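This one's a predicted model, so the numbers in the text were calculated from it and none came from an experiment.
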Amino acid sequence: MRTGEPLPSVGDDVLVTLATGMWHWDTASGLVTVDAEAARLLGLPEEPTSLTEAQTRARLHPVDWNEITGVVQLAVAEGTLAEVRIRIMDEQGRIVRVVRSRSKPSYDPERHAYELIGTLQEVTEPTPGTPAGRRAVTGDWRRSREAFLLDAGRALAEARSTAEVLRVAAGLSMPGFSPDGLAVFGVEGDRLTIIGHHGHQPGDDGPFSHMSLATDYPAAEVVRTGRAVYLSSPAEYKERYPVTWPLAEKFGRSSWGFLPLTAAGRTMGAWMAAFAYPVAFTPDERAVLNTVARMLAQALSRAGAADSQRELAEGLQRSMLPSLGPEIPGMGVAARYVPTGGGLQVGGDWYDMIPLPGGTSRTKSGGGRFALAIGDVQGHDVRAAGLMGQLRIALRAYASEGHRPDAVLTRASRFLHGITHDEHMTDLRFATCLYVEADPATGQLEIARAGHPDPAIRMADGTVMMRPVVGGLPLGIDPDADYPTTRFTLEPGETMMICTDGLIETGGHDMESGWRRIRAILEDHRGDMESLADALVQGVHGPSSHHSTGPLADRREDDIAVLLLGRPAEDTAVRPTVRRTLLSVAQDEPERIAEARRHLRELLHDWASDEQVDSAVLLVSEMVTNVLVHTDADSLLLAEVTGEPGGRRLRVEVSDAGDDLPHRRRPGELASSGRGLILIELLAHAWGVDPRGEGKSIWFELYESDGAGAPYRV
């Protein structure tokens, strides 16, 4: 029939007796035709009439109009009746009655229109204030359903992995009816798979795994057709699916809903909700299940993509990061790498351990030397990871050729500049790097630094100091940059830490406050280097894996790479505890005098007398400045603390290659120099000047006092 034609006769006497009206709606014409009873229920004169969609909508509660359109689409998709309760409104916006609409909708693909013929019947609502009325208010299905769907949508949207999606789905408590058994089916080729399930025992999914899609099973039918299957009773299940009913019978459920999981127009699987009690699967209940299925499909699609990205990232990490290789006699190495939490979880941080050729050794011990490299390519994306891989391979090649640390970094900088500065490249990148050449037999280290954080040393007694080393520009900025080398010895019982800035600056810290946090971890830790490596990462980002790759926390600000290099402690029972630090200050680096003062304060962090610490810092500043002002040579500062707390000795020695020996002078009131030796004589317990074959050294000693100023001599 077409709109405007008389409604089909169903028996006027019957309809009048049942107080039931009939209506017809054709969305192509936009007209709704109602009989006299339906017009009365809508608050219109009691006579047949035709209304526009706008006129009809004005008689209904606006929320209910949206409800009608949703239920109609669902009923067409499932081939079922569309049933919905509608609140009728008067001209003042007040609810005058509630009616129930039942209709059989159909869809005409040629006209792209829906056509519905149905009935309207008034529903008696409980009287407000009565127990039934209170139950109706409390259990308002519209409000509870809307709240449930909002909560479910939010929880599923926040799930970041397939396992999290399944946990959320298992915890959903639907309004008025909650399944006690869930299963999510996927598709591989022409077979079903079980992605996850809840409310079943381990092994229960065996008969359903890898089931052919041609099987007479509800989930297989849902995947084949894209239409939901509702089974309200065991009898209905057995009648419709007799072949697979024995598989479901043993679970003792009473009702089942199988719904398609559809994303981007493709049915990717099915969702089963099984109930221990009978469920009628009213249109309201079907609407809830259908909405949850759509949200579940979207969440699983996102989580599947995230899982694939995670697997790709971990594979990329494993292929780019090296193993530390066999144990090194005389030294130990531990490393950790943690990617950032964004994107593919890959970035530009890396570390490497490189065996060096032994035949061309520049050390007395010969072979066994190796190099440690740690660096950070600018960025946290796939390009940064790609450049990191290329740079690491290039640096390893230069090191294996036997080049000195400065030459290795110079060549690496030229290489990175060449691959990032061609005429077609707009995304220019640079990298920081620290390169350490180590001799396990002697503990001698040669370090070259390219814009990277300085190393830190934890001494045998637990004292932790930043170890400033000379350096140059980050790699890739200047192809002709120079990278000076710093040499010092890692003493027995000492551990050197080198890391990228992600370990220091994460969590809103700057380099200074972040270093204080790392220093506290280094000082407080008791254990081997592997546990120390874990403690460093845990102290910044939470629980860590023992392995060098793998996620730690869901949200991280920067990549982390950390390397620890240590020498086993000797027998401390036969030798006093020694702290020692070495620092060079070149003629063109007067700013490093401030580093020398800070370095000495760190060395004396637990010294009994603050006045003696201030005196030592003042004398070091005078001695190093004297070399830079009165000679053309660089200075080398060596500070050493020996003895037990309360009776220790500090010896500071500053050496240079100049031939002129210092001598005392009597400075005038306005003189800017001449006070250095006078200060040393006044403040030091012992001092002296020692000529050497090339140059000289000036030294002083302080003996730890009890804090009251009296020296305790050893």
Side-chain angles (χ1 to χ4, degrees), residues 1-90 94-108 111 113-126 136 140-142 145 176 228 230 232 279-288 290:
M1 68 174 276
R2 296 299 177 198
T3 302
E5 298 178 4
L7 286 168
S9 175
V10 184
D12 293 340
D13 294 340
V14 174
L15 292 178
V16 170
T17 302
L18 297 176
T20 300
M22 293 195 65
W23 61 275
H24 172 256
W25 178 21
D26 182 19
T27 61
S29 64
L31 292 178
V32 178
T33 302
V34 295
D35 65 4
E37 180 62 17
R40 183 189 70 79
L41 293 174
L42 291 175
L44 300 172
E46 193 171 344
E47 59 185 18
T49 186
S50 293
L51 306 170
T52 64
E53 288 183 0
Q55 291 172 326
T56 306
R57 186 170 185 172
R59 313 301 304 178
L60 312 182
H61 193 286
V63 173
D64 297 346
W65 176 265
N66 296 331
E67 182 72 23
I68 292 172
T69 57
V71 169
V72 165
Q73 295 175 5
L74 178 63
V76 170
E78 297 181 351
T80 58
L81 288 175
E83 181 175 340
V84 63
R85 293 200 307 177
I86 305 170
R87 288 166 289 185
I88 307 301
M89 315 292 290
D90 61 14
R94 295 171 299 188
I95 299 175
V96 294
R97 65 176 55 88
V98 178
V99 300
R100 177 185 292 111
S101 168
R102 291 188 176 93
S103 63
K104 177 66 175 178
S106 61
Y107 181 72
D108 186 346
R111 297 191 303 153
Y114 291 96
E115 187 172 8
L116 297 87
I117 299 177
T119 62
L120 290 180
Q121 190 174 33
E122 187 168 3
V123 177
T124 302
E125 293 288 279
D140 187 344
W141 61 273
R142 286 187 177 89
R145 186 186 69 177
Y230 298 102
S232 298
V279 177
F281 295 113
T282 65
D284 294 338
E285 292 167 341
R286 295 186 183 195
V288 171
N290 192 271

**OP:** With rounding to the nearest 0.5 Å, note down the distance linking CD in E115 to OG in S103.
**Re:** 11.5 Å

Original post:
Measuring from R85:CZ to H61:NE2, what's the distance to the nearest 0.5 Å?
Top reply: 13.0 Å

Original post:
Taking T119 for the side chain and T20 for the main chain, is one N or O donor matched with an acceptor at less than 3.5 Å?
Top reply: no

Original post:
If you look at every heavy atom in V34 and W23, which pair is closest and at what distance?
Top reply: CG1-CB, 3.7 Å

Subject >> Heavy-atom pair with the smallest gap, counting every atom of S232 and F281 >> reply: OG-CD1, 3.5 Å

Subject >> CD1 on I95 to CD1 on I86, rounded to 0.5 Å >> reply: 12.5 Å

Original post:
At their closest point, which heavy atom of D26 faces which heavy atom of H24, and how far apart are they?
Top reply: CB-CE1, 4.1 Å

Original post:
Counting distance only, does the side-chain N/O of R40 pair as donor-acceptor with the main-chain N or O of E46 below 3.5 Å?
Top reply: no

Subject >> Heavy-atom closest pair, residues P105 and L116 >> reply: CB-CG, 3.7 Å

Subject >> side-chain contact (heavy atoms from CB on, under 4.5 Å) between E53 and T27, worked out >> reply: CA-CA 8 Å; E53 288 183 0; T27 61; 4.2 Å; yes

Original post:
Considering residues at least two apart in sequence or located in another chain, which fulfil the side chain to side chain contact (heavy atoms under 4.5 Å, CB included) criterion with A280?
Top reply: T282

Subject >> Pair L60-I88, side-chain contact (heavy atoms from CB on, under 4.5 Å): steps then yes or no >> reply: CA-CA 5 Å; L60 312 182; I88 307 301; 3.6 Å; yes

**OP:** Of all the heavy-atom pairs spanning A39 and P45, show the shortest one and how long it is.
**Re:** CB-O, 3.4 Å

**OP:** Determine the minimum heavy-atom distance between W25 and I68, stating which atoms define it.
**Re:** CZ3-CG2, 4.0 Å

Subject >> Value rounded to 0.5 Å, distance of CG in L42 from OG1 in T49 >> reply: 10.0 Å

Original post:
Can you tell me how far the CG atom of L51 sits from the CG atom of L31, to the nearest 0.5 Å?
Top reply: 8.5 Å

Original post:
Rounded to the nearest 0.5 Å, how far apart are CG of L41 and CZ of R97?
Top reply: 6.0 Å

